[in-house]
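Below is one structure; the comments refer to it alone.
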Amino acid sequence: QVQFVESGGGLVQPGGSLRLSCAASGIIFRFSTMAWYRQAPGKQRELVAIVTPDGNTNYSDSVKGRFTISRDNAKNTVFLQMDSLKPEDTAVYYCKRPSSSVWGQGTQVTVSL
């Protein structure tokens, strides 16, 4: 069945970096657009970054220039490199194929002193 498993979250100080990973299964990954989303406490889930099968990317204005989405089609994995992290980046981060209804468990990112 379709499954997305996120990892790599943690506690980091402002200005620090983290790299999130997401392993996908049950889909034809190399033909799939993939995306990262996040949900902060008390807020709606929002789209953070998206990558098409041929590697084109797009980002929300709040992370543009700081986050980089990439993919490894040989490993069915999508990554999110997060640099210059800010406290407002604190959230649970999820990845999925936008056309899928399945969500993973997410990975917590906390940016704090």
Side-chain angles (χ1 to χ4, degrees):
Q1 70 274 24
V2 177
Q3 191 173 17
F4 306 105
V5 180
E6 303 92 345
S7 62
L11 173 64
V12 64
Q13 293 186 352
S17 298
L18 281 175
R19 189 188 194 212
L20 307 183
S21 299
C22 170
S25 59
I27 63 172
I28 305 176
F29 184 84
R30 66 184 183 279
F31 295 142
S32 298
T33 292
M34 295 295 295
W36 284 96
Y37 302 79
R38 68 184 181 187
Q39 187 166 22
K43 295 188 176 181
Q44 288 191 335
R45 197 170 294 178
E46 63 172 339
L47 176 65
V48 174
I50 195 164
V51 60
T52 64
D54 57 359
N56 290 320
T57 59
N58 206 356
Y59 301 90
S60 68
D61 288 343
S62 60
V63 307
K64 198 172 295 184
R66 300 188 297 120
F67 290 11
T68 304
I69 188 171
S70 62
R71 62 192 297 156
D72 184 340
N73 288 340
K75 297 182 178 180
N76 287 6
T77 301
V78 60
F79 304 97
L80 187 68
Q81 177 67 41
M82 305 186 296
D83 298 318
S84 303
L85 282 161
K86 305 176 180 180
E88 51 264 42
D89 295 318
T90 295
V92 179
Y93 285 72
Y94 304 86
C95 85
K96 77 184 210 42
R97 183 177 62 180
S99 60
S100 296
S101 59
V102 173
W103 291 89
Q105 83 288 348
T107 186
Q108 175 71 48
V109 172
T110 303
V111 185
S112 179
L113 292 171

Exercise for review: Report yes or no: do S112 and T110 form a side-chain donor-acceptor pair below 3.5 Å?
Suggested key: no

Exercise for review: Verify side-chain contact (heavy atoms from CB on, under 4.5 Å) between C22 and W36, making sure each step is shown before the conclusion.
Suggested key: CA-CA 9 Å; C22 170; W36 284 96; 3.6 Å; yes

Exercise for review: Locate the shortest heavy-atom distance separating L47 from A35; write the atom from each residue and the value.
Suggested key: CD1-CB, 3.7 Å

Review point. Please walk me through it: do I27 and M34 pass side-chain contact (heavy atoms from CB on, under 4.5 Å)?
Key: CA-CA 11 Å; I27 63 172; M34 295 295 295; 4.1 Å; yes

Exercise for review: With the side chain counted from C-beta on, respond yes when L85 and F67 share a heavy-atom pair under 4.5 Å apart, and no when they do not.
Suggested key: yes

Check your understanding: Any side-chain heavy-atom pair from S25 and N76 closer than 4.5 angstrom?
Key -> no

Check your understanding: Does the side chain of R38 come within less than 4.5 Å of V63's, by heavy atoms?
Key -> yes

**Study point:** Nearest atoms (heavy-atom pairs only) where L18 meets G8
**Key:** CD2-O, 3.9 Å

**Study point:** Separation between CG of N73 and CG of D54, rounded to the nearest 0.5 Å
**Key:** 10.0 Å

Review point. Rounded to the nearest 0.5 Å, what separation is found between the SG atom of C95 and the CZ atom of R71?
Key: 11.0 Å

Review point. Taking everything shown except R45 itself, do over 12 heavy atoms lie less than 6.0 Å from its CZ?
Key: yes

Review point. Can you get from I69 to V109 by hopping between Ile, Leu, Val, Met, Phe, Trp and Tyr side chains that sit under 4.5 Å apart?
Key: yes

Review point. Within a strict 4.5 Å, meaning less than it, do heavy atoms of the S7 and L20 side chains meet?
Key: no

Check your understanding: Under a 4.5 Å cut-off applied to non-hydrogen side-chain atoms, are R97 and F4 in contact?
Key -> yes

Practice item. Flag yes if L80 and V5 sit in one hydrophobic cluster, no otherwise; membership is Ile, Leu, Val, Met, Phe, Trp, Tyr, and two members link when side-chain heavy atoms are under 4.5 Å apart. Key: no

Check your understanding: Same cluster or not: are V51 and V48 linked, directly or through other Ile, Leu, Val, Met, Phe, Trp or Tyr residues, by side-chain heavy atoms under 4.5 angstrom apart?
Key -> yes

Exercise for review: Indicate yes or no for a side-chain donor-acceptor contact from Q105 to the backbone of E6 under 3.5 Å, with no hydrogens or angles considered.
Suggested key: yes

Practice item. State, to 0.1 Å, how close V2 and G26 come at their nearest heavy-atom pair, and which atoms those are. Key: CG2-O, 3.7 Å

Exercise for review: Mind listing the closest non-hydrogen atom pair of F79 and D72 along with its distance?
Suggested key: CE1-CB, 3.9 Å

Practice item. Begin with the C-alpha distance, continue with both residues' side-chain angles, and end with the deciding distance and a verdict on side-chain contact (heavy atoms from CB on, under 4.5 Å) for L11 and Q108. Key: CA-CA 8 Å; L11 173 64; Q108 175 71 48; over 6 Å; no

Study note, to complete from the structure: Taken to the nearest 0.5 Å, the spacing of T57 OG1 from I50 CD1 works out to 10.0 Å

Exercise for review: Run the ring-centre check on Y37 versus W103 and record whether the distance is less than 6.0 Å.
Suggested key: yes

Exercise for review: Using a strict cut-off of less than 4.0 Å between a Lys/Arg side-chain nitrogen and an Asp/Glu carboxylate oxygen, indicate whether K86 and D89 qualify as a salt bridge.
Suggested key: no

Review point. Counting only N and O atoms by type, is there a donor-acceptor contact under 3.5 Å from the side chain of T90 to the main-chain atoms of V111?
Key: yes

Practice item. Taking R66 for its side chain and S84 for its backbone only, find out whether a donor-acceptor pair lies under 3.5 Å. Key: yes

**Study point:** Value rounded to 0.5 Å, distance of CE in M82 from CZ in R19
**Key:** 11.5 Å

Practice item. Might you confirm whether atom NZ of K43 has over 12 heavy atoms from other residues, nucleotides or ligands at distances under 6.0 Å? Key: no

